[in-house]
Amino acid sequence: MKSSVSEQSLYIESEDEDDQENEFSKEEQDGNISDSSDDYLNDQIQQHSKPNSLNTKWPQSYRQSIDLYSSVPSPSITFLGTPTLSRISSSILSSSLKRRHTPEIFPSAAKPLLPTLADEQQPQRRRSSHSLLPPIPPTKASAKKSAKADVSHEVPASRQSSYGQAVLNGMNVLCGVGILSTPYAVKEGGWVGMSILFIFAALSYYTGLLLRYCLDSQPGLETYPDIGQAAFGTAGRLAISIILYAELYACCVEHIILESDNLSALFPNAHLNLGAYELNSHQLFAFLTVIAVLPTVWLRDLSVLSYISAGGVIASILVVICLFWVGLVDKISFEQSQGTALNLTTLPVAIGLYGYCYSGHAVFPNIYTSMEKPNQYPAVLLTSFGICTLMYAGVAVMGYMMFGESTLSQFTLNMPQNLVASKIAVWTTVVNPFTKYALTMTPVAMSLEELIPSNHLKSHIYSILIRTALVISTLVVSLTIPFFGLVMAFIGSLLTMLVTLILPCACFMSIVRGKITRLQGSLCILIIVVGVISSIFGTYSSVSEIIKNLS
């Protein structure tokens, strides 16, 4: 295991860090280091290293992997982009495989998040892995070497995520492939059914705020699994973690289906003969997609992919512009059919599709704890939800008006292939998942790698095997159930309803029980009821449609 850990740990030194070391050495030689500074450092390390059940239970790698999955690099930070990327890009695997909590140093005094009585009793701000390093007095070289022995890479961040960067992170999570299926959702649910999109937006925004209150309820809470443990103990942590990882895994399956559908639309005659078996275009491109993404899943440093995938917001906006360009500038004929007002038969499928659009709650706690000004979190959520909802609604209306009852599960498949705007939209849709796949699968892989014994000599090999098996399994699932819209409806109905509506309310009511107002309790119960009903009907309908299509 020692050799594997050394291979997985990346040591990156910046010029700023070297300059800092030189300054520290000079001050040490001048005799300016006091014993109090050492006591301060040791006190901070010991304080953070105290046994904490939230830091020692599976999964320990959730925070780091989700940060990399969701962060948008900031051009104002000089080294690796965000504080998150600069800290975890070097040890993204070693921290999880060592199965230990690495002590870090955090500010001893900071402004409280909320001016409440609890803050007076707990004047120290909740620790966050995004917290700025304090202006610690110079430490001795031995202390610095000791810190490096525990932390494979630690670069002091100059700042935390700003309001704009937090909004981009929120949009990058919310505005994903779900936007491709909103016209199909209108077809399935009707025009009146489109109101579900706005209802889910309002409810999801409120539950996003509830996650903040859960995080602020006690120190040490940083992630969604932490909230689950605070609310329901170890069982809650495990259940929420499994649901979140299942959602990420299902999204990887969607990426394979998406690539297969769009590439086969571009090259419909592509096929491959393998003896007695012939691969059609869908199967062939699914295989080729897996071959292309597999090496990226093996990567130790995913920071480059994180930079590229941050363009997901730009990619989504570009695809939307292309759709409107085709409809308004190229002026393709609009369907004469006005559609139905409400289609009760397939409305549950539309519920799942609309629900999938707001599956960002797994990342909201990370975004909140990374903000420089946490009091801006409600505004960040409101801006992210507002912009994304407008994009969803605009695409839904324009796409369904253009293609009517012939609307497919991805509007890019309906766009005329002879138009330049259509080609841009399709190729943008094709390229984006190649960067998203590895970042989406990495949290799942790291959680499984934590289960490898830390002293196992072949843990590095097992890590490769786990990641390869996960990728191959997504290929098998995507070939078995190659229905993009129905799989999305299933994910949105079963998993997203749990993560977005049901669990935030349940955790909030459990954590702050006794202090919750009657209005808050009633609203939480209402949201849980809406989530449960939507989940039951949506899951049943999507599974029934999948079985029907398979048969």
Side-chain angles (χ1 to χ4, degrees), residues 171 174-202 254 258 261-262 265-266 313-358 385-430 432 483-486 488-489 492 538 541-542 545:
M171 291 180 59
L174 288 174
C175 198
V177 296
I179 198 170
L180 300 176
S181 296
T182 50
Y184 180 69
V186 176
K187 171 191 170 185
E188 294 294 298
W191 290 110
V192 175
M194 190 176 168
S195 60
I196 297 174
L197 176 70
F198 301 100
I199 295 174
F200 281 165
E254 281 287 80
L258 176 69
D261 288 347
N262 283 276
L266 290 172
V313 177
I314 300 175
S316 298
I317 295 175
L318 181 60
V319 171
V320 172
I321 292 175
C322 289
L323 175 67
F324 277 78
W325 185 279
V326 169
L328 300 178
V329 179
D330 293 330
K331 296 181 179 179
I332 69 166
S333 59
F334 283 66
E335 292 287 334
Q336 297 299 320
S337 174
Q338 299 299 319
T340 58
L342 184 64
N343 191 347
L344 291 176
T345 305
T346 54
L347 179 63
V349 174
I351 291 176
L353 294 173
Y354 289 133
Y356 185 90
C357 294
Y358 299 106
F385 272 92
I387 295 176
C388 291
T389 301
L390 289 177
M391 291 176 62
Y392 287 141
V395 169
V397 172
M398 177 61 70
Y400 186 65
M401 288 180 63
M402 290 169 60
F403 310 121
E405 293 302 312
S406 62
T407 302
L408 299 176
S409 61
Q410 305 156 58
F411 69 76
T412 52
L413 302 178
N414 288 101
M415 299 176 72
Q417 297 183 9
N418 60 321
L419 300 177
V420 175
S422 299
K423 295 181 184 296
I424 294 175
V426 173
W427 280 109
T428 302
T429 303
V430 167
N432 197 38
F483 313 119
F484 182 83
L486 295 178
M488 179 179 289
S541 181
S542 57
E545 289 295 321

Should [X] and [Y] count as side-chain neighbours, where that means a heavy-atom distance under 4.5 Å?
X    : Y    : answer
V326 : M402 : yes
F484 : S181 : yes
I179 : C357 : no
T407 : V186 : no
Y354 : I199 : no
Q417 : V426 : no
V177 : Q410 : no
V320 : I317 : no

Exercise for the section: Measure the CE-CD1 distance between M415 and I424 for me, rounded to the nearest 0.5 Å. Expected result: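 If I round to the nearest 0.5 Å, the distance is 9.5 Å.
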Completion exercise
Rounded to the nearest 0.5 angstrom, the OG1-CD1 distance for T346 and I351 is 10.5 Å
Problem - Contacts of T428 that satisfy side-chain hydrogen bond (donor to acceptor under 3.5 Å, both in side chains) - sequence neighbours left out - result: none
Exercise for the section: List for me each residue that meets side-chain contact (heavy atoms from CB on, under 4.5 Å) alongside T429, sequence neighbours excluded, and say none if there are none. Expected result: L180, L258, N262, V319, T412
Handout entry: Contacts of type side-chain contact (heavy atoms from CB on, under 4.5 Å), residue T389, not counting sequence neighbours
Key =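 Checked T389 against side-chain contact (heavy atoms from CB on, under 4.5 Å); matches are F198, A201, Y358.
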Exercise for the section: Check W191, F411, Y184 against Y400 for a ring pair (Phe, Tyr, Trp, His ring centres under 6.0 Å) and give me the one that passes. Expected result: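 The residue from W191, F411, Y184 that satisfies ring pair (Phe, Tyr, Trp, His ring centres under 6.0 Å) with Y400 turns out to be W191.
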Problem - Backbone of G538 reached by a side-chain donor or acceptor of S541 within 3.5 Å - result: no
Problem - Side chains of T340 and N343, donor plus acceptor under 3.5 Å - result: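 The criterion, which ignores hydrogens and geometry beyond distance, is not satisfied for N343 and T340.
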